[in-house]
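Read through the structure below, which is laid out as structure tokens, and then see the notes.
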Amino acid sequence: MSCYIAYIAHMAMSNVAPVLRALRSKLNLTQEQLAEKLGVSFATVNRWEGGANVPQKAAREVIAALARDAGVDEAGSGGADAPAADITRRRRKASSPDTGPSTKPMEQMLWDAACSIRGEKDAAKFKDYLLPLLFLKRLSDVFDDEIDRLAEEYGDRETALEIAEGDHSLLRFYLPAEARWAVLAGRETLDWPAKDKPRDIGEHLTKAVRAVVKKNPSLSGVIDVVDFAAERNGERDINPAKLRGVVETFSDPRYRLGLADVQPDFLGRAYEYLLRKFAEGSGQSAGEFFTPTEVGFLMAHILRPKPGEDCHDYACGSAGLLVKLQIVARELDPTSKVPLKLTAQELQAESYAVAKMNAIIHDMQIELARGDTMINPKFRTPEGKIKTHDVVVANPMWNQPFAPDVFANDPFDRFRTTGGITTGKGDWAWLQHTLASLNDKGRAAVVLDTGAVTRGSGSKNEDKERNIRKWFVDRDLIDGVILLPDNLFYNTTAAGVVIVLNKRKPAARKGRITLLNASRHFKKGKPKNYLPEDDIRALAASFLKGDPIEGEIAVITREQAAAKDYNLSPSRWVGNTTESSHRDIGALVSELEQLGAEQARASKVLISLLRPLVDQVNEAHRAS
């Protein structure tokens with residue numbers, strides 16, 4: 001054993017780092033806790049693990065003794081670090097789709113960081129702090145990679161930094177010294193001017209993100225949306241010690257986020273996992289920024305975008321639908337170097353920031369604009385008309401109320417000439433805007449409430465939504481409707497529908513509407529159900545093939561749609577083949593109302609029959 005201690009005491013720094021990580025994993029210690037055991041500062045342990053400093057002989061002997069007691073050998077095995085190291089090694093290889101690395105370790109790291117602020121219950125409240133921190137870590141690691149690249153070209157890192165300082169165009173984003181992760185994590189020191197020196201990590205982070213925006217104006221309103229040192233009633237919103245813990249977690253070398261460490265899609269999946277977890281805890285507001293991942297991929301596989309196509313989302317939230325279009329486009333044509341042309345508009349400032357970060361993390365170019373699409377669509381032609389696109393995807397707010405004059409006085413004439421002006425709910429107004437945003441060969445997929453395809457059908461009264469549906473059907477613009485399972489979306493337990501439009505249908509689909517009932521294709525999750533990954537491609541393929549399938553797909557003509565008064569709900573047309581099949585909620589409510597009325601009539605008849613008997617019993621009691 002003494003030989004073992006001597007070996008570790010004299011080993012190189014490259015061997016100390018994995019031993020330290022294995023120790024922390026085996027003993028379930030943070031860097032601060034391990035530092036306390038070793039009698040050094042947190043920053044010192046952080047630098048040792050990151051490879052910035054070499055422990056002195058005395059410190060290495062203490063590390064060796066602790067490793068011996070914990071059963072960790074000189075290679076760092078015996079703890080949970082070995083699998084993590086293997087993940088890191090596999091990341092650096094060009095993985096095929098079948099053997100791509102799992103995002104689980106990084107996902108867990110991100111969620112643990114969120115929960116460390118104030119517990120799992122409140123983690124979603126800190127979305128606006130965690131996402132910019134993760135984004136800043138990615139920027140910093142990529143910055144370091146690019147400086148290393150320049151150092152290879154110009155001789156050393158110091159020269160590379162000087163050159164980058166003089167020409168920021170050499171880098172994706174230039175990070176000033178105070179915003180570099182090594183400084184934030186305490187591995188490197190910075191000589192602050194006395195008046196500017198931050199008192200703690202909260203003030204440092206706020207100064208850092210503002211400095212980044214000053215050097216990179218395109219990140220204004222993206223990374224600087226929160227103040228990490230904000231106070232209320234004399235108390236910090238986030239305790240500096242908690243923030244320090246998050247920085248420490250993100251500093252773990254196993255989760256470095258540079259260009260060579262994680263591919264954009266890998267990091268993007270981890271980022272989207274975090275969005276999903278935040279959405280689970282955000283209730284009603286979650287629907288504003290996040291569409292379930294599998295729904296986005298289903299839409300992308302149905303639309304099958306081609307390289308160079310112009311794709312738009314007018315209510316983009318986190319921009320996840322556009323990201324999935326690009327991922328599927330690459331999958332369909334992996335040799336193409338031509339990306340999609342992605343544009344998006346978003347009203348909410350917080351969601352706009354999330355979308356911008358999401359695009360950069362995925363290494364995608366998305367032209368984003370802020371504003372209310374219904375009132376002020378930002379993407380226009382030089383003549384002031386609404387710009388048209390090859391592909392449109394959207395998940396706008398369902399059943400959104402609008403003032404009638406928004407539609408009646410529309411300067412772009414999106415509504416009057418395309419079925420008429422709706423009142424109350426805005427679902428079909430969004431589809432009218434979608435149509436205005438499509439070019440002559442355009443196609444679209446829009447997620448809406450199930451009522452959008454049934455409201456007004458069968459009513460004796462005139463219904464404006466039904467009339468707009470009729471206009472779309474009569475002009476053969478509706479390619480199909482997909483009924484999704486219940487409880488997929490984060491702001492409602494109700495099912496949704498995907499309405500697919502196509503302005504240039506293939507000959508085989510002309511005059512036909514494909515209605516896919518996917519309501520049984522789900523697995524139970526906590527707290528939400530989800531579409532299994534294996535079902536997504538199969539559902540898309542079945543929809544695109546357009547052949548009837550018993551219990552799942554009906555293909556109807558425009559005449560059949562007219563005969564049913566333009567009720568386009570798949571559950572109305574697709575027969576149920578099992579007792580567990582889902583049914584349209586509107587139909588269930590109508591049936592319950594009918595049963596209630598029948599029960600009331602039966603009760604009335606029963607009372608009328610029993611009344612004479614009751615009178616006879618009462619008469620007998622009086623006689624006795």
- Set of ring pair (Phe, Tyr, Trp, His ring centres under 6.0 Å) partners for Phe407, sequence neighbours left out: Phe402, Phe415

- Message: Whether the side chain of Arg466 engages the backbone of Ser457 through a donor-acceptor N/O pair (distance < 3.5 Å, no angle test) should be reported.
- Response: no

- Across all chains, not counting sequence neighbours, the ring pair (Phe, Tyr, Trp, His ring centres under 6.0 Å) partners of Trp398 are Phe489

- Query: What pairs with Lys441 under side chain to side chain donor-acceptor pair (under 3.5 Å), at least two apart in sequence or on another chain?
  - Reply: Asp390

- Message: With a sphere of 6.0 Å drawn around CZ of Arg304, does it hold more than 12 non-hydrogen atoms of other residues, nucleotides or ligands?
- Response: no

- Message: Tell me if a side-chain donor or acceptor on Asn439 pairs with a main-chain N or O of Thr388 at a distance below 3.5 Å.
- Response: no

- Item | Ion pair Arg443/Asp479, N-O distance below 4.0 Å | no

- Is the side chain of Arg455 donor-acceptor paired with the backbone N or O of Asp463 at a distance under 3.5 Å, no angle test? no

- Query: Under the side chain to side chain contact (heavy atoms under 4.5 Å, CB included) test, which residues partner Glu331, sequence neighbours left out?
  - Reply: His301, Arg537

- Item | Asp440, CG atom: more than 12 neighbouring heavy atoms under 6.0 Å | no

- When you measure from the centre of the six-membered ring of Phe543, is the NZ or CZ of Arg509 under 6.0 Å away and within 45° of the axis? yes

- Item | Whether Phe379 and His312 hold their rings parallel, tilted or perpendicular, with breakpoints at 30° and 60° | perpendicular

- Which salt bridge (Lys or Arg N to Asp or Glu O under 4.0 Å) pairs, counting each pair once, include a residue from residues 310-321, with sequence neighbours left out? Asp310-Lys387

- Item | Of all pairs that satisfy ring-ring contact (aromatic ring centres under 6.0 Å, His included), the ones with a partner from residues 317-351, not counting sequence neighbours | none

- Item | Test item: Thr381 side-chain N/O and Lys385 main-chain N/O as donor-acceptor pair under 3.5 Å | yes

- Message: Taking the side chain as everything from C-beta on, heavy atoms only, tell me whether Ile556 gets closer than 4.5 Å to Leu568.
- Response: yes

- Close side-chain approach of Ile421 and Lys464, heavy atoms under 4.5 Å: no

- Could you verify whether a donor N or O on one side chain and an acceptor N or O on the other, from Asn567 and Ser569, lie under 3.5 Å apart? no

- Message: Tell me whether Lys356 is salt-bridged to Glu346, with the criterion being a basic N under 4.0 Å from an acidic carboxylate O.
- Response: no

- Does Gln345 reach the main-chain N or O of Asn376 with its side chain, forming a donor-acceptor pair under 3.5 Å? yes

- Between Lys505, Lys510, Lys503, which is the residue that forms a side chain to side chain donor-acceptor pair (under 3.5 Å) with Asp476? Lys505

- Item | Neighbour count above 12 (heavy atom, 6.0 Å) for Lys341 NZ | no

- Query: When you measure from the side chain of Asp333 to the backbone N and O of Arg330, does any donor-acceptor pair fall under 3.5 Å?
  - Reply: no

- Within a reach of under 6.0 Å around CD of Gln560, are more than 12 heavy atoms found that belong to other residues, nucleotides or ligands? yes

